[in-house]
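Bear in mind that the values here come from a model prediction, so they are computed numbers and not experimental data.
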Amino acid sequence: MSDTPDNAVRDFVTDGRKPFLDELREWLRIPSVSADPERAADVRRSARWLAEALRRTGFPTVEVWETEGLPAVYAHWPAEDPDAPTVLVYGHHDVQPAERADGWHSEPFEPTERDGRLYARGAADDKGQVWFHTLGVRAHLAATGRRAPAVGLKLLVEGEEESGSPHFPALVAARAEQLACDAVLVSDTGMWSRDTPTVCTGMRGLTDCQIDLHGPDQDIHSGSFGGAVPNPAQVAAEIAAALHDDRRRVTVPGFYDGVVELTPRERELFAELPFDEDDWLRTAHSHGTRGEDGYSTLERIWARPTAEVNGIGGGYQGPGGKTIVPSSATLKLSFRLVAGQDAEKVQQAVREWVAARVPAGVRHELTFWGATRPCLTPLDHPALRSLTRAMERAFAQPVRYTREGGSGPAADLQDILDVPVLFLGVSIPSDGWHAPNEKVEPDLLLKGAETAAHFWEDLAASWRPDRH
């Protein structure tokens with residue numbers, strides 16, 4: 001869909017490698033840890049740094065958007081053609097906590113290159129993957145001779161993603177008019193491996209809860225009263241045990257209502273990936289697979305809804321025995337959701353299911369902590385086809401498809417802005433997100449920049465969204 005020679009983009013990106021990485025290192029030195037109140041000033045400093053860098057890149061509109069928490073950065077570069085698609089790129093500039101004592105081989109906020117890899121907190125998650133868009137848009141302009149991108153280009157770079165995005169939905173809702181677009185591109189994901197470039201096509205949603213169970217007004221003697229009064233720890237165990245049937249399907253009535261099932265083609269695409277279950281188990285620090293009957297491991301973690309017991313406790317936990325009926329117990333559950341499920345309906349179904357299992361003599365409170373909705377990109381969407389072509393040009397090989405088993409704020413953008421969500425990430429599993437010695441492969445960041453450069457041109461040439 002593009003007449004621009006691949007080497008025109010690649011040469012610009014290659015020539016820009018050193019200043020690109022030098023500036024990235026400068027940004028990575030800012031310890032923008034959103035979870036630490038003592039680092040709030042650093043998160044704001046990170047936002048200001050990015051805003052100034054985007055102005056240097058050429059974005060005519062750049063703003064720092066304050067929230068009730070920590071700031072996001074917004075930028076807009078309109079296309080010259082008013083009928084061209086507008087794409088909103090999402091990422092985040094806050095990072096996870098990191099200390100040298102956690103097991104880092106170098107200072108986490110002093111970027112260090114070893115064996116061609118760049119080590120620093122935020123190198124992959126997510127500053128590196130936000131930053132490649134600045135090089136990508138400049139390569140796009142240089143290769144095509146344009147003064148403005150072929151598409152309308154907007155950026156929204158959040159400052160609280162690593163703290164659960166508590167103020168993000170309200171920010172998007174309040175700024176929906178400025179954020180209006182035809183598609184969202186999330187650059188906060190990764191690829192299958194260095195040798196197998198992939199595009200993510202969906203993320204699961206999430207809702208989680210705590211069940212507090214109260215029986216006797218205090219711990220009581222199990223010899224005098226056990227077997228004659230309800231035991232809240234026993235009730236917690238019974239609820240946990242009843243959560244799945246013998247096929248490992250969730251037993252909550254209505255849980256699977258609306259689930260978008262995998263198509264035969266999607267299952268074929270998953271099966272094409274070079275998946276080694278033994279290697280995966282080593283990564284999971286686990287010793288066997290188990291899950292819903294009839295699905296592969298990848299299908300279970302990417303495309304099927306799940307229920308997990310995250311914690312269960314109650315009664316005496318000290319050394320030796322203590323023969324009591326405990327007065328209380330707690331159960332923590334989480335539910336991963338897939339396209340088609342409604343989080344509020346799932347929450348109500350869980351409430352009713354739990355209430356039916358709590359016996360007389362036990363009081364319970366069930367608290368949900370909110371929900372993240374799932375999102376899914378249709379395989380036949382023209383913007384996804386365009387992104388795939390762009391990535392294949394950059395990597396010079398076929399691109400396959402994955403999904404993410406986790407959850408994120410992408411669904412807020414999908415739901416509030418009412419547009420499809422795409423994913424462009426070039427990080428690989430060994431980058432160690434959230435772990436000590438997080439790193440990024442600079443060569444892959446350059447491939448991300450090439451992909452973005454090709455994508456803007458391809459998308460403008462191949463898609464005219466229906467805005468009616």
Side-chain angles (χ1 to χ4, degrees), residues 1-17 20-21 87 89 115-118 124 128-129 131-133 135-137 139-140 143-144 185-202 263 265-277 279-280 283 296 298-299 302 377-404 422-431 439-463:
M1 293 290 181
S2 166
D3 296 327
T4 303
D6 291 0
N7 64 337
V9 168
R10 184 162 296 132
D11 289 349
F12 185 92
V13 168
T14 300
D15 290 346
R17 177 189 178 105
F20 167 78
L21 291 176
V87 179
V89 175
D115 301 321
R117 302 177 176 96
L118 184 62
Q129 300 204 94
W131 190 238
F132 75 61
H133 283 284
L135 181 57
V137 70
H140 163 63
T144 61
L185 182 68
V186 173
S187 282
D188 189 23
T189 55
M191 304 192 308
W192 180 264
S193 71
R194 184 183 181 90
D195 300 323
T196 306
T198 54
V199 172
C200 175
T201 61
T263 66
R265 178 57 179 152
E266 286 171 322
R267 301 187 84 168
E268 289 173 3
L269 290 170
F270 286 1
E272 288 177 1
L273 292 163
F275 178 64
D276 185 312
E277 197 161 85
D279 284 346
W280 180 84
T283 302
S296 70
L298 290 181
E299 291 168 351
W302 285 350
T377 311
L379 289 179
D380 60 354
H381 196 285
L384 178 61
R385 292 199 296 265
S386 181
L387 178 59
T388 302
R389 288 191 296 267
M391 199 170 196
E392 287 177 341
R393 291 179 69 183
F395 283 84
Q397 61 177 296
V399 166
R400 295 182 169 86
Y401 297 105
T402 64
R403 295 192 197 177
E404 288 280 348
L422 309 165
F423 299 88
L424 171 58
V426 293
S427 178
I428 55 178
S430 62
D431 286 345
K439 57 88 174 171
V440 76
E441 310 268 339
D443 289 347
L444 293 182
L445 289 182
L446 298 188
K447 291 297 184 186
E450 287 184 45
T451 300
H454 292 310
F455 182 43
W456 307 138
E457 185 181 14
D458 190 296
L459 190 64
S462 62
W463 185 40

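Here the side chain of Thr388 pairs a donor or acceptor atom with the backbone of Leu384 at under 3.5 angstrom. Judged by distance alone, the side chain of Asp431 and the main-chain N or O of Ile428 form a donor-acceptor pair under 3.5 Å. Formation of a donor-acceptor pair under 3.5 Å by the Ser427 side chain with backbone atoms of Thr189 is not found in this model.
Between Met191 and Pro197, the shortest heavy-atom distance links the atoms SD-CA, 3.8 Å. Between His454 and Ala390, the shortest heavy-atom contact is CB-CB, 3.8 Å. Of all the heavy atoms in Ala452 and His133, the pair that sits closest is CB-ND1, 3.9 Å. In plain terms, the two heavy atoms of Thr198 and Gly190 that are nearest each other are OG1-O, 4.3 Å.
Note that CD of Glu268 is 14.0 Å distant from OH of Tyr401, once rounded to the nearest 0.5 Å. A distance of 12.5 Å separates CH2 of Trp463 from CG of Asp458, quoted to the nearest 0.5 Å. Here the CG atom belonging to Leu298 is positioned 8.5 Å from the CD atom belonging to Glu277, to the nearest 0.5 angstrom. Here OG1 of Thr263 is found 6.5 Å from CG of Leu379. Values are rounded to the nearest 0.5 Å.
A salt bridge is defined here as a Lys NZ or Arg NE, NH1 or NH2 lying under 4.0 Å from an Asp or Glu carboxylate O, and Glu450 with Arg393 fails to meet this definition. Comment: Glu392 does not engage Arg389 in a salt bridge, judged by the lack of any side-chain N to carboxylate O separation of less than 4.0 angstrom. Using a cutoff of 4.0 Å between basic side-chain nitrogens and carboxylate oxygens, Arg17 and Asp443 are scored as salt-bridged.
Using cut-offs of 30° and 60° for the angle between ring planes, the Trp302 and Trp192 rings count as perpendicular.
Taking the side chain as every heavy atom from C-beta outward, Val440 and Phe132 never approach each other to under 4.5 Å.
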